[in-house]
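Notes for the one structure printed next.
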Protein chains: 2
Amino acid sequence: MNGRSALRLAKLQEALASGGTLHLRDAAELCDVSEMTIRRDLTTQDTAISLLGGRLVMANYPGVTPIYDLTEQQASHYQAKYRLCQRALAYIEEGDTLFIDCGSTLMPLLSQLSHFRELTVVTYALNVANAVAALPNVRLVLLGGLFYATSQSFGSDNMTAAIERLGINKALISAAGVDLERGVSCFHFHEVAPKQAAIATAMQCLLVVDASKFSVIRPAYFAALDDFDVVVTDEEGAPQLLKENGRVVPEIVVPSVTVA
Amino acid sequence: MNGRSALRLAKLQEALASGGTLHLRDAAELCDVSEMTIRRDLTTQDTAISLLGGRLVMANYPGVTPIYDLTEQQASHYQAKYRLCQRALAYIEEGDTLFIDCGSTLMPLLSQLSHFRELTVVTYALNVANAVAALPNVRLVLLGGLFYATSQSFGSDNMTAAIERLGINKALISAAGVDLERGVSCFHFHEVAPKQAAIATAMQCLLVVDASKFSVIRPAYFAALDDFDVVVTDEEGAPQLLKENGRVVPEIVVPSVTVA
DNA sequence: GCTTTAATGTTAAAATTATAACATTTAGTG
DNA sequence: CACTAAATGTTATAATTTTAACATTAAAGC
């Protein structure tokens, strides 16, 4: 290693600290060395900076795009999710006040909300908030508290009271497990209060889950299946699965597999 | 414009929502069109996605690297901000519970927090929360409410009560204006309650402002100058400016201009 | 169903970026 | 001060990305 190299990287890191990119040629000029030297600094030394298309960007830096490639699988997985949300979208109307649950299931829905004139979204998830914050037509209410990184969501002891004060119209709930006997469950206990409060206040409750969640039980049970008005899912078999044993289950919507 | 194009972009946006990059060739395959079409989508339509070195990355997305080029001036401007925060950093100690104000001033501080073993950060700003959420060693408490896009922060009527419940150790406050007579002010009224509550509860209050804020008055006054224990600023003239008229002002820290 | 236009695809050339090999400079050592 | 080794610079070449022009296909209107 090399002291001068480390100094150069520190300088560049400072310049990039609050975002933005710096062209390799400018970085070289800034440090008064050749482009090749900067290149070598980046490959030789251990740094938070990546070179992407001739530009230096912060990688693996808090809150900043990590530079890694999405695999094709990962990318195509979004397609399935996208279809699921497309169906849930049919239930959303102009002017609604929506409760959006945490997790990744409902994320594809959010960008679609830009097509409405005016909506309100209530959430306790950071990733949901970020997506909604970018939409000028959607009023965002974030329920704060202590941050739980695993679910990218917040928990607090007055979550229930905070939710009950809001005029939530429709609740879109996701889950990690759905079982006819035991009901609907998730991984984290701090999610129970907001989910239950939302289900209690909302006029209409939608459970949005892909079929892999059926017949699965997770640690934190939060609702019975018939607390929901609609179950939106993505596989043909799911309705039968739910209806067997002669049980009454809510309306089930399965997006047709043939989507353009 | 074109509906199909918008759909493709929404799809790609979803795929990129949680960070990472997607190669143009994979994006084309995912959408089942040619690379050229994706290229055109990105240049024709208004999108949060940028093409950088053949890879799609999120740009201008909350908490994610905005893709713009830093001019050499800008790059050195970050150095100034960084130095300002570097000085404020000297006041932070292991185990502190920090209140971090909204705005861009304190952002360079946040990445530095990774060097501590354990901290707690309380904030009502989305950009701050995003930066802190990425730090595994920092406990994050976000004070939620209605989102105000202009300041990337939340406002609610029980902000004061929520802050008083927390054991905040040190408050790092930023401002848009500082005036000897009128005191310290900001742009948005919803920021007043959290700032005041934090100043009231914290054991130590730091005002972190660059010198351009002096002798400036903004719509929402929230504190007097001597409500603070320390003023951290970045210009030699500032202390004199504050001390004239024989007024008592808090300890002032000016980062030395001579930094390697 | 024909015409027209918009959308998409294809190809080749230009520009840019990455890699590798070798030349030169600089710093340290006896 | 020469010698050595590390660091940096230079150049040429290869790979990739961007741009532009034109061909093809699909959609919309009459």
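Quick note on labels: first sequence line is chain A, next is B, and so on, each numbered from 1. What you see is a predicted model, and the numbers here were worked out from it, not measured in a lab.
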Could you work out, with salt bridge (charged side-chain N to carboxylate O under 4.0 Å, His left out) as the rule, every residue matching B/Glu93, not counting sequence neighbours? B/Lys170

Just how far, in rounded Å, is P of D/dA15 from CZ of B/Arg55? 18 Å

Rounded to the nearest angstrom, tell me the gap between atom CG in B/Leu51 and atom C1' in C/dT17. 14 Å

Can you measure A/Ile38 atom CD1 to D/dT10 atom C1' for me and round it to whole angstrom units? 16 Å

Whole-Å distance, B/Leu42 CG to C/dA7 P, equals 16 Å

Tell me if the aromatic rings of B/Tyr124 and B/Phe154 count as close, with their centers under 6.0 Å from one another. no

Write out a two-atom table: protein N or O, nucleotide N or O from nucleotides 9-14 of chain C, distance below 3.5 Å.
{"residue": "C/dG9", "atom": "OP2", "partner": "B/Ser34", "partner atom": "N", "Å": "2.8"}
{"residue": "C/dG9", "atom": "OP2", "partner": "B/Ser34", "partner atom": "OG", "Å": "2.9"}
{"residue": "C/dG9", "atom": "OP2", "partner": "B/Thr37", "partner atom": "OG1", "Å": "2.4"}
{"residue": "C/dG9", "atom": "N7", "partner": "B/Arg40", "partner atom": "NH2", "Å": "2.7"}
{"residue": "C/dG9", "atom": "O6", "partner": "B/Arg40", "partner atom": "NH1", "Å": "3.4"}
{"residue": "C/dG9", "atom": "O6", "partner": "B/Arg40", "partner atom": "NH2", "Å": "3.4"}

Output yes when a side-chain donor or acceptor of A/Lys195 lies under 3.5 Å from a complementary backbone atom of A/Cys186, and no otherwise. no

Whole angstrom is fine here: how far is it from CG in A/Leu52 over to P in C/dT17? 11 Å

List the atom of B/Ile49, the atom of B/Leu56, and the distance in Å for their closest heavy-atom pair. CG2-CD2, 3.6 Å

For A/Ala88 and A/Leu172, the nearest pair of non-hydrogen atoms, with its separation, is CB-CD2, 4.2 Å

Distance, rounded to the nearest Å, where A/His23 contributes NE2 and C/dT17 contributes C1': 8 Å

For the backbone of A/Arg117 and the side chain of A/Glu94, can you confirm whether one donor and one acceptor N or O come within less than 3.5 Å of each other? yes

